[in-house]
Amino acid sequence: MRFSKFLCPTLREDPSEAETASHRLMLRGGMIRQVASGIYTLLPLGLRVIRKVETIVREEMSRAGAQEVFMPAVLPAELWKESGRWDVMGKELLRIKDRNEREFCFGPTHEEIITDLVRREIRSYRDLPRNFFQIQTKFRDEVRPRFGLMRCREFTMKDAYSFDINEEGAKASYDQMYEAYHRIFSRCGLRFSVVDADSGNIGGSQSQEFMVLADSGEDEIIRCPGCGYSANSEKADGVISKIPEAKMPNQMEKRETPGKSTVSDVASFLEVPEGRLIKTLIYKTDTMYLAVLLPGDREVNEIKLKSALQAQHLGLASAQEIQELTGGPLGFSGPVGLKIEKGKIERILVDGLIEKDESYVVGANEKDVHLVGVVAGKDFSMQEVLDLHRTREGDQCVKCQAVLQSDRGIEVGHIFRLGTKYSEIMQATFSDPKGELKPSIMGCYGIGIGRTAAAAIEQNHDARGVIFPPSLAPFDVAVIPVQVTNEDLKREGERLYALLADSGLDVLLDDREESAGAKFKDLDLMGIPGKITVGKKGLAQGKVEVKMRWQEESQFIDPSELVDWVRSIPQAWDTRSSKVA
RNA sequence: CGGGGCGUAGCUCAGCUUGGUAGAGCGCUACGUUCGGGACGUAGAGGUCGCUGGUUCAAAUCCAGUCGCCCCGACCA
């Protein structure tokens, strides 16, 4: 490719909208342009990177025995209604109507569609197991798209679906995908870890996420240095050894707390550690109101709460609702005297960190009043005790008691054991050897293609720009004649370009009439691993000047070694000493 | 959905408070001089000041509405 013909509008300055490294560098490097919030055009350079990721994914999926299909992007509502997710998905699902007012959606994922295909086409245990995958455009109307390709509304996803005759088979299919994902992300040059995850509205019994470690990641990973346990903090379990000490009366007493409605205000006003407060959160689901009690210094894990309640929607009650339900204003709710009544608060859930017979501070359900010396289990009921808090760094591992640590991660892949959630409801059955009809055991497996590329940039860049892992780089090497007006340099550049291209390498020839400095800046920004500088220095001594993106100094090699040098770049990447952050 | 910010040339932004013929740097075009880490000179092109309405003799500027984009939050009891 000749740079002079290549659409790669690099930007000298940082675009104002970009915060994270990958977003900023993909815009500056001329890889993407935004069309609408969370919707992007991939420019030639960016597309090349995406294609590299896709190629790796395709190779590893076939190697793992999956076969490629291509399902539609626009999906009829009926299938979604059949699975029940038409109502569950909410506003994230982009709903559209055709000219006959028939309902469709733009596919956010394809369980329903593949299950529909399989129930029509696969009838016997002899046809199983099977695994189908596709690389397709999805649309999810995200609450808040951000960070360029990291959280888009429209994005490219590889999704795979396995169908097995029994649990052992399903487990084997899952393990196979686990291995394939390991190979894929390793080949993409990423440092990642696999964590236990919540399966969200996809459903199923077990799921794990592949997390690329990066400070800009939107997910928190909880990791145990003792036993190696690691999980998304949404899913992680942890314990604390003991609750904080506090001076507290033995009997329940009222205390005036004028205007102190937050945990930190009340705690400092009453001189009690936040862990000795109980916050009482009033939630509402599709069917009822409920109270959730947890230590003041803790946060509710709404994912756990939602699954404990088996609720489809979950949200906090409004200030007005709280006043009506508890008799007191927001900020002063408490469990003492809280009545359980049909149509009002129907359940009181107590987090497992609240200890029976210990005394706490709670709201009095009365403006500007809190209660101190409230004994858990005596002054209020602890009938429903559940694990509802969000685990955090510093808690102890439930398995080995080591102190848990936390990292930030970008979720690039997610694998699920679905069981029969979809096959049962949609009747995707097969005949077993006895002739009985059974639902297939399913698994599903996703990879965010664009997000993987973005994550690679998050992990591999420096002040000058991207440093693509060679496996994802848009070009293997760039040839830069420092002066194209100099006929000798121009001719030599053309010669090397032809030589390398003829060897099957992806080469970019920077034949633009730019200054050498401008070309170097652009090439560094674009992150191409190999750089061949064609200048008088090398020409004079009959050598070729070469440098890898992550190296500081050029070296001069014999022209006969050039092709081998370019081919050696991937190995050099793997063994490079100065890994970049 | 709540809070905040922004919308002026391809990009980054100034001008708006105090209304009076639209600005800078970078980029782009032409010519010349340069030429190993974003060169210089000269001459040029390029803008319905997001959109709609209002106030006014006069609106980028004041007012109202609207659309779009970004950020923070959505864990607050």
Side-chain angles (χ1 to χ4, degrees), chain A residues 9-20 23-24 27-28 30 33-39 90-91 143-148 220 233-234 257 260-267 274 277-283 291-305 314-319 321-323 325-326 328-335 338 351 361-367 370 388-390 392 463-465 480-486 489-490 510 512-525 531 533-540 545 547 552 554:
Chain A
T10 55
L11 304 174
R12 187 179 288 233
E13 284 160 289
D14 283 338
S16 55
E17 74 261 27
E19 296 286 313
T20 55
H23 190 193
R24 188 164 43 82
L27 284 167
R28 277 196 61 196
R33 286 294 182 264
Q34 186 177 44
V35 174
S37 178
I39 299 176
K91 296 182 93 167
V143 195
R144 189 171 159 208
R146 58 180 140 183
F147 304 152
E220 186 187 16
S233 67
E234 291 174 347
T257 51
K260 311 292 181 193
S261 65
T262 66
V263 167
S264 61
D265 284 353
V266 175
E274 293 189 5
L277 266 62
I278 290 178
K279 53 182 176 189
T280 304
L281 301 162
I282 310 298
Y283 275 93
V292 172
L293 271 50
L294 78 165
D297 61 342
R298 287 288 166 162
E299 291 168 353
V300 172
N301 183 334
E302 291 192 349
I303 307 268
K304 284 184 186 172
L305 178 59
L314 180 71
L316 287 159
S318 68
E321 288 170 313
I322 288 169
Q323 182 74 46
L325 293 163
T326 68
L330 184 151
F332 296 93
S333 301
L338 205 59
D351 180 63
V361 175
V362 304
N365 296 323
E366 187 181 333
K367 185 168 164 50
H370 277 79
L388 298 171
H389 61 276
R390 187 159 189 152
R392 65 186 178 203
R464 294 200 294 254
I480 308 174
V482 294
Q483 235 190 82
V484 289
T485 48
N486 178 317
L489 297 183
K490 185 180 177 184
D510 196 346
R512 298 175 300 167
E513 288 191 29
E514 287 286 343
S515 71
K519 292 182 180 183
F520 293 151
K521 293 281 185 196
D522 275 344
L523 265 297
D524 285 345
L525 189 57
K531 180 171 89 170
T533 307
V534 181
K536 288 176 188 159
K537 289 181 199 167
L539 214 54
E545 179 178 351
K547 187 175 99 60
E552 283 305 314
S554 296

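Please read these numbers as outputs of a predicted model, since none were measured by experiment. Residue numbers start from 1 in every chain, and the chains themselves are labelled A, B, ... in the order their sequence lines are given, proteins ahead of strands.
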S.K.: Using purine N1 to pyrimidine N3 plus N6-O4 or O6-N4 for Watson-Crick, or N1-O2 and O6-N3 for G-U wobble, each under 3.5 Å, what pairs with G2(B)?
M.R.: C72(B)
S.K.: When the P atoms of C28(B) and C16(B) are considered, how many whole Å apart are they?
M.R.: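 The answer is 31 Å between these two P atoms.
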S.K.: State which of G36(B), C70(B), A77(B) makes the closest approach to the side chain of Glu17(A).
M.R.: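 For Glu17(A), the side-chain atoms sit closest to C70(B).
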S.K.: Would you mind pulling out the nucleotide paired to U42(B), Watson-Crick or G-U wobble, both distances under 3.5 Å?
M.R.: A30(B)
S.K.: Output the single nucleotide from C69(B), C11(B), A77(B) whose closest atom is nearest the side chain of Glu13(A).
M.R.: C11(B)
S.K.: Look at all strands and tell whether Ala36(A) reaches a base, only sugar-phosphate, or nothing, counting heavy atoms closer than 4.0 Å.
M.R.: sugar-phosphate
S.K.: What I'd like to find out is whether the side chain of Arg392(A) reaches to under 4.5 Å of the side chain of Ser233(A), using heavy atoms alone.
M.R.: no
S.K.: Using the P atom as the reference point in each nucleotide, state the distance between U61(B) and U48(B) in Å, no decimals.
M.R.: 16 Å
S.K.: Find the distance Lys490(A):NZ to C35(B):C1' and express it as a whole number of Å.
M.R.: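 After rounding, the gap between these two atoms is 16 Å.
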S.K.: Mapping Glu19(A) and Glu299(A) to their closest nucleotides on RNA chain B, which lands nearer the 5' end?
M.R.: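 Going by which nucleotide is closer to the 5' end, it is Glu19(A).
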S.K.: Across the strands shown, which category fits Ile322(A) at heavy-atom distances under 4.0 angstrom: base, sugar-phosphate, nothing?
M.R.: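 Ile322(A): base contact, heavy atoms under 4.0 Å.
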S.K.: Using a heavy-atom cut-off of under 4.0 Å over every strand shown, decide if Lys519(A) touches base, sugar-phosphate, or nothing.
M.R.: nothing
S.K.: Looking at Ser515(A), does any N or O in its side chain come under 4.0 Å of the phosphate oxygens OP1/OP2 on C35(B)?
M.R.: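 So the side-chain polar atoms of Ser515(A) never come under 4.0 Å of the phosphate oxygens OP1 or OP2 of C35(B).
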S.K.: What nucleotide, of C35(B), A77(B), G37(B), holds the atom closest to the side chain of Gln483(A)?
M.R.: C35(B)
S.K.: From the list G36(B), C69(B), G38(B), which nucleotide is the closest neighbour of the side chain of Gln34(A)?
M.R.: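 Nearest to the side-chain atoms of Gln34(A), counting from C-beta on, is C69(B).
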S.K.: With nearest nucleotides of RNA chain B determined for Arg146(A) and Ile278(A) from heavy-atom distances, which residue corresponds to the more 5′ nucleotide?
M.R.: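 Nearer the 5' end of the strand: Arg146(A).
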S.K.: Hey, does Pro9(A) reach any base, or is it just sugar-phosphate, or nothing, if we go heavy atoms under 4.0 Å?
M.R.: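 Pro9(A): no heavy atom of the nucleic acid under 4.0 Å.
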S.K.: A77(B), G27(B), A39(B): which one has an atom nearest the side-chain heavy atoms of Thr262(A)?
M.R.: A77(B)
S.K.: Name the nucleic acid region contacted by Arg392(A), choosing base, sugar-phosphate or nothing; use a 4.0 angstrom heavy-atom cut-off, strictly under.
M.R.: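 Here Arg392(A) touches no strand at all.
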S.K.: The side chain of Glu302(A) lies closest to which of these nucleotides: G36(B), A77(B), C75(B)?
M.R.: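 Minimum distance to the Glu302(A) side chain belongs to C75(B).
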S.K.: Go through C35(B), G36(B), G38(B) for me and flag the one nearest to the Thr485(A) side chain.
M.R.: C35(B)
S.K.: More than 12 non-hydrogen atoms from neighbouring residues, nucleotides or ligands closer than 6.0 Å to NZ on Lys547(A), yes or no?
M.R.: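 For Lys547(A), atom NZ is crowded (more than 12 foreign heavy atoms under 6.0 Å).
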S.K.: The side chain of Arg464(A) is closest to which nucleotide in this list: G37(B), U12(B), A39(B)?
M.R.: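 For Arg464(A), the side-chain atoms sit closest to G37(B).
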S.K.: Base, sugar-phosphate or nothing for Asn486(A)? Non-hydrogen atoms, less than 4.0 Å.
M.R.: nothing
S.K.: Do the side chain of Ser37(A) and the base of C70(B) come within less than 3.5 angstrom through a donor-acceptor pair of N or O atoms?
M.R.: no
S.K.: Quick one: Glu513(A) CD to C40(B) P, roughly how many Å, whole number?
M.R.: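 After rounding, the gap between these two atoms is 18 Å.
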S.K.: Under 3.5 Å, side chain of Lys519(A) to main-chain N/O of Asp510(A), donor-acceptor pair present?
M.R.: yes
S.K.: Could you check how far NZ of Lys367(A) sits from P of A77(B), rounded to whole Å?
M.R.: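 After rounding, the gap between these two atoms is 15 Å.
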S.K.: Under 4.0 Å, heavy atoms only, any strand: does Gly363(A) hit a base, just the sugar-phosphate, or nothing?
M.R.: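 Result for Gly363(A) = nothing.
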S.K.: Which whole-number value in Å describes the distance from Asp351(A) CG to A77(B) C1'?
M.R.: 15 Å
S.K.: Would the base of G37(B) count as contacting Lys531(A) through its side chain, where contact means a donor and an acceptor less than 3.5 Å apart?
M.R.: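 Per atom types, the contact qualifies.
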S.K.: Among C71(B), U12(B), G37(B), which is the nearest nucleotide to the side chain of Asp524(A)?
M.R.: G37(B)
S.K.: With heavy atoms under 4.0 Å as the rule, sort Ala516(A) into base, sugar-phosphate or nothing.
M.R.: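 Sugar-phosphate: the residue Ala516(A), judged by heavy atoms under 4.0 Å, touches backbone atoms but no base.
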S.K.: Classify the nucleic acid contact of Lys260(A) as base, sugar-phosphate or nothing, counting any heavy atom under 4.0 Å across all strands shown.
M.R.: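 Result for Lys260(A) = nothing.
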S.K.: Using a heavy-atom cut-off of 4.0 Å across all strands, would you classify Ala364(A) as base, sugar-phosphate, or nothing?
M.R.: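 If one applies the 4.0 Å heavy-atom cut-off, Ala364(A) turns out to touch nothing in the nucleic acid.
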S.K.: To the closest 0.5 Å, what do you measure between CD (Gln323(A)) and CG (Leu330(A))?
M.R.: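 Interatomic distance, Gln323(A) CD to Leu330(A) CG, rounded to 0.5 Å: 9.5 Å.
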S.K.: Which nucleotide in the set C28(B), A77(B), A39(B) lies at the smallest distance from any side-chain heavy atom of Glu514(A)?
M.R.: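 In terms of side-chain proximity for Glu514(A), the closest of C28(B), A77(B), A39(B) is C28(B).
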